[in-house]
Amino acid sequence: MGINVSRTADLASNQWLQRFVGRQHIAHDDEVFWSGLLNYNIVLPENSQDQLNLDSRLEALCQSFIGNNLKTGNFGSLVTVFLEKTSELLSLSDQESNMHVWQTFNALFIIRSLVKYINETGSEFQLLQHFEAMPSAEQLQAAQEQQQQTPPESASIAIEATEQTSTAPVPVIVDGAKFETFIDALVNLIVVIPVKEFTYHLHLEAVNTLITLLSVHLFAQQPTDKSIVFRTVFKCQHANVLMSALLHFVSRMVEVPHTMFGSSSAGSFVFGIAESLLSIFTFRKQPDVLKSGQAAGGGELSQKFRTHYPLANQSLLLILILTNHCTAQENAYRASLFGCADSKDSPKQGAVSFQIDFSAVYETLCLIVTIDQATLLLYLLLHRNERFYRFVMQQQDLEQLVIPILQTLYNAPDSNSHHIYMSLIVLLILSEDEGFNKNVHTIMLKNITWYTERTISEISLGGILILIVIRTIQYNMLKMRDKYLHTNCLAALANMSGHFRALHPYVAQRLVSLFETLARKHTRLDAQLKEPADSAVFVNVATTPEDMLQDLSVLEEVLRMVLEILNSCLTNQLVYCPNLVYTLLYKRSVFEGFRSHHAFQDVIQNIDMVVGFFSSRLQRVQEQRGELGVNEVLEVISKGASQWSSDRLRKFPDLKFKYVEEDAPEEFFIPYVWTLVCKYGCVHFSSESIKSVTTDIAC
């Protein structure tokens with residue numbers, strides 16, 4: 001079926017490509033030429049090295065294209081051919097459309113390759129010039145004489161072509177009419193044509209083309225609100241159906257077919273939009289492909305997801321691009337994602353942008369949440385879509401979602417700081433719900449093999465959550481020293497603290513040990529500050545007394561918060577947390593140096609009161625029985641807890657923290673999203689040309 005283009009083929013000598021980029025205009029209705037050009041099979045680039053190889057083989061052709069197209073308008077002819085083939089697809093049966101889909105894909109692949117080249121080497125204005133360029137009168141006449149038929153349909157505008165050697169800019173009017181029609185066609189292709197085995201790669205190519213067009217952000221210095229590409233995409237009237245289709249692609253997670261354009265049974269190719277979105281897939285996802293990768297961590301899982309489920313992967317990235325750009329003004333894509341509802345419900349309140357099976361979205365996110373882009377989508381849905389948040393809170397298998405997030409935090413050295421931060425924010429948002437904070441202590445887990453600090457045969461989901469958050473705080477103290485990370489960790493623990501129940505002995509030990517570790521650090525820092533200024537204590541000349549004072553202030557805030565977390569648990573759940581009382585009795589000395597400190601004494605008074613009450617009871621029992629074992633001590637604590645009244649304790653406000661997005665969130669999210677597109681996407685851009693990605697993850 002056509003020419004096979006291998007990864008080593010000499011594309012520069014291909015006669016069809018040479019004619020296309022040459023100096024002669026080719027009319028859009030020259031069927032012989034377009035049939036010859038579009039009948040090829042290509043092995044798609046799978047990684048950045050494959051893309052570099054393809055780019056190097058296309059370089060000479062692309063340069064000829066740039067030099068000639070403004071005179072020939074051949075790119076416009078190709079776009080017209082694509083538009084015609086896309087519209088024809090809707091009226092064909094499956095058998096008739098198989099060849100048609102193949103040629104439409106090939107046309108779109110050439111368009112995307114040229115768009116990518118212009119973005120990387122030119123400007124957005126040049127890109128739009130090439131979309132709208134018309135052949136000169138001489139070119140039209142030559143084409144007429146050769147083809148002896150009417151010239152191609154004229155475009156709505158004329159662009160004055162310039163010689164490539166000219167350096168003076170020539171005024172050019174670009175109204176973007178053809179470009180806008182092209183965007184509409186891409187959207188229609190994605191949302192109207194149902195995904196079948198032989199259309200899979202066409203849908204994938206349409207999504208990739210939209211990503212490639214929007215990648216103008218990476219290579220341009222201008223803000224997106226000045227970008228014609230962004231303005232055109234963001235004024236699209238079909239935001240709801242596009243966002244619906246993309247989220248369906250993600251949630252159904254269909255595996256890539258073994259062949260690009262396989263045969264299909266006969267039947268109608270056309271579905272209504274509503275029907276196609278409900279029955280959009282004819283083959284099912286295979287989550288087993290991902291399970292082994294999940295245990296191995298996000299890196300391997302990202303590769304499996306991109307390789308086996310490229311349409312889901314690219315759709316997810318496109319959702320993130322569309323929802324994180326243009327947040328300062330009305331963004332229909334963002335509103336659409338935040339306004340969607342469960343297809344199993346009949347929403348009675350508020351406008352609904354579209355409906356989708358929340359169960360499918362939830363199950364897919366549980367499978368892939370260790371991937372950066374999936375964590376980011378989960379964050380957006382939980383933070384901004386109240387219906388989805390309520391749906392998640394009602395799930396009986398929350399461990400399926402929470403444990404992979406905890407694994408991301410546990411493997412912090414292998415994760416980037418942005419992913420750690422977003423995972424913690426997700427936990428903080430979950431902890432804002434009292435039902436969640438209660439449920440996590442009722443879900444019991446056995447044999448947590450990935451937690452290697454200590455062998456734990458059985459522990460609650462709440463217990464392992466506390467352990468991982470504490471571990472993250474300690475990792476942050478040693479490596480990252482990020483105040484906001486501390487704040488989010490402690491806020492999540494604080495929200496949960498009033499509902500701590502049946503804490504595992506090791507969890508209770510780690511809670512008190514966290515205070516002990518911070519207390520030692522506070523003591524050292526305080527001692528250093530009290531030393532004379534010329535003392536040898538300041539070994540690191542970069543650490544000034546001012547810096548140390550600031551560190552001490554932050555440390556005191558953290559210590560205070562840890563004490564309030566312990567106090568909240570004792571005030572609300574003492575009867576259900578005998579192991580915590582046991583640990584406080586055993587480690588009572590760690591609070592000695594802070595009883596008279598103005599920042600801590602009010603909270604420590606409560607802890608001292610609890611410790612004093614149980615100490616006196618233990619002392620009386622020991623006088624009667626002698627030395628007590630661990631189980632006997634716990635028995636005394638349990639009996640004492642039934643007689644304890646929290647009214648004795650000083651009242652403090654309930655610990656309730658709510659995540660609030662920082663001002664100008666796009667400064668964080670936009671570079672992060674594009675870094676994920678470069679690192680985990682199927683479209684590979686030239687890193688040397690990128691100007692706008694500034695996060696700490698290399699592309």
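Treat the numbers as computed from the prediction; the structure is a model and nothing was measured. These values consider heavy atoms only, across backbone and side chains, with no hydrogens, waters or symmetry-generated copies.
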Begin from the C-alpha positions of Ile456 and Leu467 and carry the test side chain to side chain contact (heavy atoms under 4.5 Å, CB included) through to its verdict.
CA-CA 12 Å; Ile456 301 175; Leu467 287 178; 4.0 Å; yes
Suppose we call two aromatic rings close when their centres sit under 6.0 Å apart. Are Tyr421 and Tyr484 close by that rule?
no
Closest non-hydrogen atom pair, [X] against [Y]:
X: Cys569; Y: Leu580; value: SG-CD2, 3.6 Å
X: Ile371; Y: Ser302; value: CG2-OG, 3.6 Å
X: Phe669; Y: Glu661; value: CE1-OE2, 3.8 Å
X: Val256; Y: Thr307; value: CG1-O, 3.7 Å
X: Thr472; Y: Leu485; value: CG2-CD2, 4.4 Å
X: Ile473; Y: Cys489; value: CG1-CB, 3.4 Å

Would you say the side chains of [X] and [Y] form a donor-acceptor pair under 3.5 Å?
X: Arg306; Y: Gln303; result: yes
X: Thr375; Y: His419; result: yes
X: Tyr362; Y: Asp342; result: no

Rounded to the nearest 0.5 Å, what's the gap from [atom1] on [X] to [atom2] on [Y]? Could you check?
X: Ile448; Y: Arg454; atom1: CD1; atom2: CZ; result: 14.5 Å
X: Asn188; Y: Ile183; atom1: CG; atom2: CD1; result: 11.5 Å
X: Met496; Y: Leu430; atom1: CE; atom2: CG; result: 10.0 Å
X: Leu337; Y: Leu322; atom1: CG; atom2: CG; result: 10.0 Å
X: Asn476; Y: Ile420; atom1: CG; atom2: CD1; result: 8.5 Å
X: Leu382; Y: Ile425; atom1: CG; atom2: CD1; result: 12.0 Å

Just by distance, do the side chain of [X] and the backbone of [Y] share a donor-acceptor pair under 3.5 Å?
X: Asn331; Y: His325; answer: yes
X: Glu255; Y: Met253; answer: no
X: Thr199; Y: Pro194; answer: yes
X: Ser568; Y: Glu564; answer: no
X: His203; Y: Ile193; answer: yes
X: Asp433; Y: Phe436; answer: yes
X: Asn495; Y: Phe657; answer: yes
X: Asn572; Y: Ser497; answer: no
X: Asn488; Y: Leu428; answer: no
X: Asp357; Y: Ser359; answer: yes

Go through it in stages, so that I can follow the logic: the residues are Phe109 and His201, the test is side chain to side chain contact (heavy atoms under 4.5 Å, CB included), and I'd like the CA-CA distance, side-chain angles, deciding distance and then a yes or no.
CA-CA 10 Å; Phe109 180 78; His201 284 89; over 6 Å; no
Any non-hydrogen side-chain atom of [X] less than 4.5 Å from a side-chain atom of [Y]?
X: Tyr475; Y: Leu409; answer: no
X: Val207; Y: Ile190; answer: yes
X: Val195; Y: Tyr200; answer: yes
X: Gln395; Y: Phe358; answer: no
X: Cys326; Y: Asp225; answer: no
X: Val402; Y: Ile443; answer: no
X: Tyr672; Y: Asn416; answer: yes
X: Asn313; Y: Gln373; answer: yes

Counting only pairs under 3.5 Å, give me each side-chain donor-acceptor contact of residues 314-321, with atom names and distances, residues two or more places apart or in other chains.
{"residue": "Gln314", "atom": "OE1", "partner": "Cys682", "partner atom": "N", "Å": "2.9"}
{"residue": "Gln314", "atom": "NE2", "partner": "Asn208", "partner atom": "OD1", "Å": "2.8"}
{"residue": "Ser315", "atom": "OG", "partner": "Leu311", "partner atom": "O", "Å": "2.7"}

Answer yes or no: are there more than 12 heavy-atom neighbours, outside [X] itself, under 6.0 Å from its atom [atom1]?
X: Glu386; atom1: CD; value: no
X: Glu330; atom1: CD; value: no
X: Gln237; atom1: CD; value: no

Before you tell me yes or no, could you show the steps for Thr104 and Thr86 under side chain to side chain contact (heavy atoms under 4.5 Å, CB included), namely the whole-Å CA-CA distance, both residues' side-chain angles and the distance that decides it to 0.1 Å?
CA-CA 7 Å; Thr104 308; Thr86 301; 3.9 Å; yes
Please work out which of the three classes, parallel, tilted or perpendicular, describes the rings of His383 and Tyr379, given edges at 30° and 60°.
parallel
Between Asn437 and Ser431, does the side chain to side chain contact (heavy atoms under 4.5 Å, CB included) criterion hold? Intermediate values first, please.
CA-CA 6 Å; Asn437 295 331; Ser431 75; 3.8 Å; yes
